[in-house]
Colleague: 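Quick one: this structure, given as structure tokens, is what I'll be asking you about.
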Amino acid sequence: MPRSTTIDTPINPVTQEPSTPSSDPKREPPEQAAANSRDRLLKYIKPHKRLIGLGIISSLGVAGIQLGLVAILGSVIESMKPDPHGHLRAHLHEMLVISSVGIVVAYLVRGVFSWLQQVYFSEAAQRIAVDLKTSIFRHLQRLSLSYFDKRQTGDLISVISNDVPLISNGVISLKDVISAPIIAIVGLVSIFWLSWELSLATIATLPFIVFALNQVSRGLRAISHETQTRLGELTTTTEETLGGVRLVRSFVSEDREIARFEGQAVQSKNWFMHGVRRSAALMPVSDLVGSVGIAIALIIGGGFVIDGTLTLSRLAMFVVMLDRIRTGVGGMSNIMVTWRNLQGVADRVFTTVLDVPTEVMERDDAYELPHVQGEVVFDHVSFEYIPGRPVLDDISFEMHPGQVLAIVGESGSGKSTLSDLIPRFYDPTSGSVKIDGYDIRDVTLPSLRTQIGIVDQVTNLFGGTVMENIAYGRPDATMAEIEDAARKANAHDFILEMGEGYDTIVGQRGVKLSGGQRQRLAIARAILSDPRILILDEATSSLDTASEQLVQEALDKLMRGRTTLVIAHRLSTVVNAHKILVLDKGRVIESGTHSELLAQGGRYSVLYETQYRTGSTQPEAE
């Protein structure tokens, strides 16, 4: 898909900074991919650094209290050691009471810190999730139609509903491991204070712990990315199957769809468990290597106790602190695991949506398109979805204000693509489209599109009320204006016959309405927005005769005084057009009025006669 000539550098919707689209994480060097994900993710975390900082302080409070409890218990054990004469220390009972109260207070304070870290990290994580979801949704609204032509809706839904929550959960999980470095450092200081000789003998196992944990955690980023991809495929299947439930039923394909869903669910589960097995191996590996250090401490430290160079209570505290160090190192490896998982998920979020450039963009110096009369000029327009494969080839024509221009041709001839160039859903590969002499690439998109009305063959309605759907383009319209538009669209009567009139819920995609009713609501919506240019894309081709007559009457009212482009499958609907263009493989091969084209005896004449022979009536031009 060629980019608009107005594109410079895509702008990140949150940071408002230029962004460079990232490559597929499987193809770019791992270091580059990791750095890209890290930097992009940090931009979303940075605005909430105050909350995260408070959470870190709370986590450090929890770690400090935990270490303090070890020190209190160590001092109690030390104080209970008899003196050389075998007597216990004086006031030992009072010391035990004070220590017990201190332990209760310490647990109370730790509980407060624990509550605070949960609240702070959760609030930060939810704010990051809101920022990400909003950025994704905002960017999706700005992306060109070509993006949605290539993407499945379910996969995009999965990015918001599955990937973003994993990122926020990863941020929350940091609360459990953020204190790990402090515990490890304080533990190291403590064991050297207790016995530097024994410390030198035991810490030699730490590099082996770090190496083993790093080996086990390798590949988690790629596994996380693949897991989310599989989950996106599962969401797509769910969305497609539930959205097309009538089709599934009609072809008795329930078992096939169940099998497809089950297969994708199993694949998603397998990849998820692949990551779980890797992550779950961290603690056993840490415990195994750490136990070697404890064994060394007991063997060598036991000798020191026998020799009298180390007390039994100090050896006990040493072993406890050594285990804390092991826990701290394991916690730091969890930080690495969490971060790699976050990067894997972030890869999908950024590469699937946020780093995708918008192909149709406004120029920096774009200006408002004034109220137009409706003259549309295509000047040597060509267009390609895929370079080297033209869909439109050197198209030139004019639409004068208030006139009706019809585009006809076989399926795949480029009719709908041509109409999509007028509201700048796509930009021409070459040539230009002008409205009242203004190149539409020079004007702002809102000022252009608010003057264009579109009624498609497939009507898009939202799951709200009839009133909300009619007023979608003008949410500030009065009830009187909405009703007037409905009357002109031949929709007012059937609306009043519905249960709650204009407050009736139409259901998702207007499922509670017939095809003709949906089309008339779409026409009412277009009438209310009062466009100067109208695009009708086979608006009546899927309706029965009775519905088509009502819809056609409504369309006739809508077309009055407006420049109208009609894409027609039924040629009977365009016999009165001011001009008809016949497309074939992206080129205009004939043009003229209905009578002129019939007289030429060319492609239009053949198409018309073919439809007439298979139809019931032959309309006559007025």
Colleague: Would you find a donor on one side and an acceptor on the other, under 3.5 Å apart, between the side chain of D379 and the backbone of G431?
Modeller: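 No, D379 side chain to G431 backbone: no donor-acceptor pair under 3.5 Å.
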Colleague: Mind listing the closest non-hydrogen atom pair of V360 and R449 along with its distance?
Modeller: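 Heavy atoms of V360 and R449 come nearest at CG1-NH2, 4.5 Å.
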Colleague: Just how far is it from atom CG of N469 to atom OH of Y502, taken to the nearest 0.5 Å?
Modeller: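 Here the rounded value is 13.0 Å.
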Colleague: Quick one: are L140 and V353 in side-chain contact, heavy atoms under 4.5 Å?
Modeller: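 They are in contact (side-chain heavy atoms under 4.5 Å apart), so the answer is yes.
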Colleague: Indicate yes or no for a side-chain donor-acceptor contact from H139 to the backbone of P357 under 3.5 Å, with no hydrogens or angles considered.
Modeller: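 Absent.
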Colleague: Run the side-chain contact (heavy atoms from CB on, under 4.5 Å) test on I167 and Y44 for me, step by step, so that the C-alpha distance in whole Å, both residues' side-chain angles and the decisive distance to 0.1 Å come before the verdict.
Modeller: CA-CA 11 Å; I167 292 177; Y44 285 89; over 6 Å; no
Colleague: Taking 4.0 angstrom as the limit, do D427 and R424 come out as a salt bridge?
Modeller: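 Looking at D427 and R424, the cut-off is met.
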Colleague: Could you tell me if S419 and S416 have a donor-acceptor pair between their side chains, going purely by distance under 3.5 Å?
Modeller: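 No - no donor-acceptor pair under 3.5 Å links their side chains.
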Colleague: Do V574 and V408 make a side-chain contact, defined as non-hydrogen atoms from C-beta onward lying under 4.5 Å apart?
Modeller: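 A side-chain contact exists here, since the closest heavy-atom pair is under 4.5 Å.
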Colleague: How about L534 and M559: do any of their side-chain heavy atoms sit closer than 4.5 Å?
Modeller: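 A side-chain contact under 4.5 Å exists here.
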Colleague: Without swapping roles, check the side chain of R532 against the backbone of G453 for a donor-acceptor pair under 3.5 Å.
Modeller: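 Absent.
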Colleague: Between the side chain of S447 and the main-chain N/O of E368, is any donor-acceptor distance below 3.5 Å?
Modeller: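 No; zero donor-acceptor contacts below 3.5 Å.
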Colleague: Over all heavy atoms of both residues, which pair between P423 and I454 is shortest? Give the atoms and the distance, please.
Modeller: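 Reported closest heavy-atom pair: CG-CD1, 4.2 Å.
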Colleague: Can you confirm whether more than 12 heavy atoms, excluding those of Y472, are under 6.0 Å from its OH atom?
Modeller: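 12 or below, so no.
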Colleague: Give a yes or no on whether the backbone of E410 and the side-chain of K415 come within a donor-acceptor separation of less than 3.5 Å.
Modeller: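 Indeed, once roles are kept as given, a pair shorter than 3.5 Å links the two residues.
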Colleague: Is it true that D393 and R587 have a side-chain N and a carboxylate O under 4.0 angstrom from each other?
Modeller: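 Judged by the 4.0 Å cut-off on N to carboxylate O distance, D393 and R587 do form a salt bridge.
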Colleague: If you look at every heavy atom in V582 and Y604, which pair is closest and at what distance?
Modeller: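 The pair with the smallest heavy-atom distance is CG2-CB, 3.8 Å.
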Colleague: Assess whether salt bridge (charged side-chain N to carboxylate O under 4.0 Å, His left out) is satisfied between D584 and R603, documenting all intermediate values.
Modeller: CA-CA 9 Å; D584 181 58; R603 180 66 59 82; 3.2 Å; yes
Colleague: With heavy-atom distances below 4.5 Å as the criterion, would you say the side chains of I535 and I422 are in contact?
Modeller: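 Yes; the side chains approach each other to less than 4.5 Å.
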Colleague: Looking only at the side chains, is there a donor atom on one of H48 and D131 sitting less than 3.5 Å from an acceptor on the other?
Modeller: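 A pair is found: one side chain offers a donor N or O, the other an acceptor, under 3.5 Å apart.
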Colleague: With side-chain contact (heavy atoms from CB on, under 4.5 Å) as the test, would you mind laying out the steps for I533 and L565 before giving the verdict?
Modeller: CA-CA 8 Å; I533 300 169; L565 177 69; over 6 Å; no
Colleague: To the nearest 0.5 Å, what is the distance between CZ (R518) and CD1 (I523)?
Modeller: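 CD1 of I523 is found 13.0 Å from CZ of R518.
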Colleague: Rounded to the nearest 0.5 Å, what's the gap from CG on N490 to CD on Q517? Could you check?
Modeller: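 Rounded to the nearest 0.5 Å, the CG-CD separation comes to 12.5 Å.
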Colleague: Side chains of R138 and T134, heavy atoms from C-beta outward: is any pair under 4.5 Å?
Modeller: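 A side-chain contact exists here, since the closest heavy-atom pair is under 4.5 Å.
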Colleague: Start with the C-alpha gap between S591 and K579, add the side-chain angles, then the distance that decides, and say whether side-chain contact (heavy atoms from CB on, under 4.5 Å) holds.
Modeller: CA-CA 7 Å; S591 66; K579 190 174 184 180; 4.0 Å; yes
Colleague: Take T504 and I495 through the test side-chain contact (heavy atoms from CB on, under 4.5 Å) and record every step on the way to the result.
Modeller: CA-CA 8 Å; T504 301; I495 292 174; over 6 Å; no
Colleague: Mind checking the CD-CG spacing from E609 to L607? Nearest 0.5 Å is all I need.
Modeller: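 These two atoms lie 10.5 Å from each other.
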Colleague: Look at the side chain of R363 and the backbone N and O of R441, then say whether any donor-acceptor pair between them is shorter than 3.5 Å.
Modeller: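 Between the backbone of R441 and the side chain of R363 there is a qualifying donor-acceptor contact (under 3.5 Å).
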Colleague: Is there side-chain contact between V377 and I435, with heavy atoms separated by less than 4.5 Å?
Modeller: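 Contact flag for V377/I435 side chains = no.
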Colleague: Identify the two heavy atoms, one from A129 and one from S168, that lie closest to each other, and give their separation to 0.1 Å.
Modeller: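 So the minimum-distance heavy-atom pair works out to CB-CB, 3.9 Å.
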Colleague: What do you reckon, is CZ of F137 surrounded by more than 12 foreign heavy atoms closer than 6.0 Å?
Modeller: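 No - once you tally the heavy atoms of other residues, nucleotides and ligands closer than 6.0 Å, there are 12 at most.
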Colleague: Please confirm whether the backbone N or O of L597 pairs with a side-chain atom of Q600, one donor and one acceptor, at under 3.5 Å?
Modeller: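 Not at all, since once roles are kept as given, no pair shorter than 3.5 Å links the two residues.
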Colleague: Please confirm whether the backbone N or O of E481 pairs with a side-chain atom of T478, one donor and one acceptor, at under 3.5 Å?
Modeller: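 Looks like yes, one N/O pair under 3.5 Å.
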Colleague: Counting only heavy atoms from other residues, nucleotides and ligands, does the tally under 6.0 Å from OH of Y438 exceed 12?
Modeller: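 Not more than 12 within 6.0 Å, no.
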Colleague: Looking at every heavy atom in both Y608 and L598, which two are closest together, and how far apart are they?
Modeller: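 Nearest pair, atom of Y608 first, then L598: CD2-CD2, 3.7 Å.
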Colleague: For the residue pair Y385 and F383, categorise the inter-ring angle as parallel (less than 30°), tilted (30 to 60°) or perpendicular (more than 60°).
Modeller: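 Plane angle over 60°, so perpendicular.
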Colleague: Is the side chain of E359 donor-acceptor paired with the backbone N or O of L143 at a distance under 3.5 Å, no angle test?
Modeller: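 Answer holds: no.
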Colleague: Rounded to the nearest 0.5 Å, how far apart are CG of L392 and CD of E384?
Modeller: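 With rounding to 0.5 Å, CG (L392) is 10.0 Å from CD (E384).
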Colleague: With respect to D530, which candidate in Q451, R474, R562 satisfies the side chain to side chain donor-acceptor pair (under 3.5 Å) definition?
Modeller: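 One option only clears the test, and that one is R562.
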Colleague: Which heavy atom of G414 sits nearest a heavy atom of V391, and at what distance?
Modeller: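 Smallest interatomic distance, heavy atoms only, reads CA-CG1, 4.3 Å.
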Colleague: Could you check whether any side-chain heavy atom of L354 comes within less than 4.5 Å of a side-chain heavy atom of V349, counting everything from C-beta outward?
Modeller: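 The answer is yes, as the side chains (C-beta and beyond) meet within the 4.5 Å cut-off.
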Colleague: Do the side chains of P531 and S529 get nearer than 4.5 Å, heavy atoms only?
Modeller: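 Yes - at least one pair of side-chain heavy atoms lies under 4.5 Å apart.
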Colleague: Is a donor on one side and an acceptor on the other found under 3.5 Å between the side chain of S382 and the backbone of D394?
Modeller: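 Checked: pair present.
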Colleague: Kindly compute the distance separating CG (L369) from OG1 (T450), expressed to the nearest 0.5 Å.
Modeller: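 If we round to the nearest 0.5 Å, L369:CG and T450:OG1 are 8.0 Å apart.
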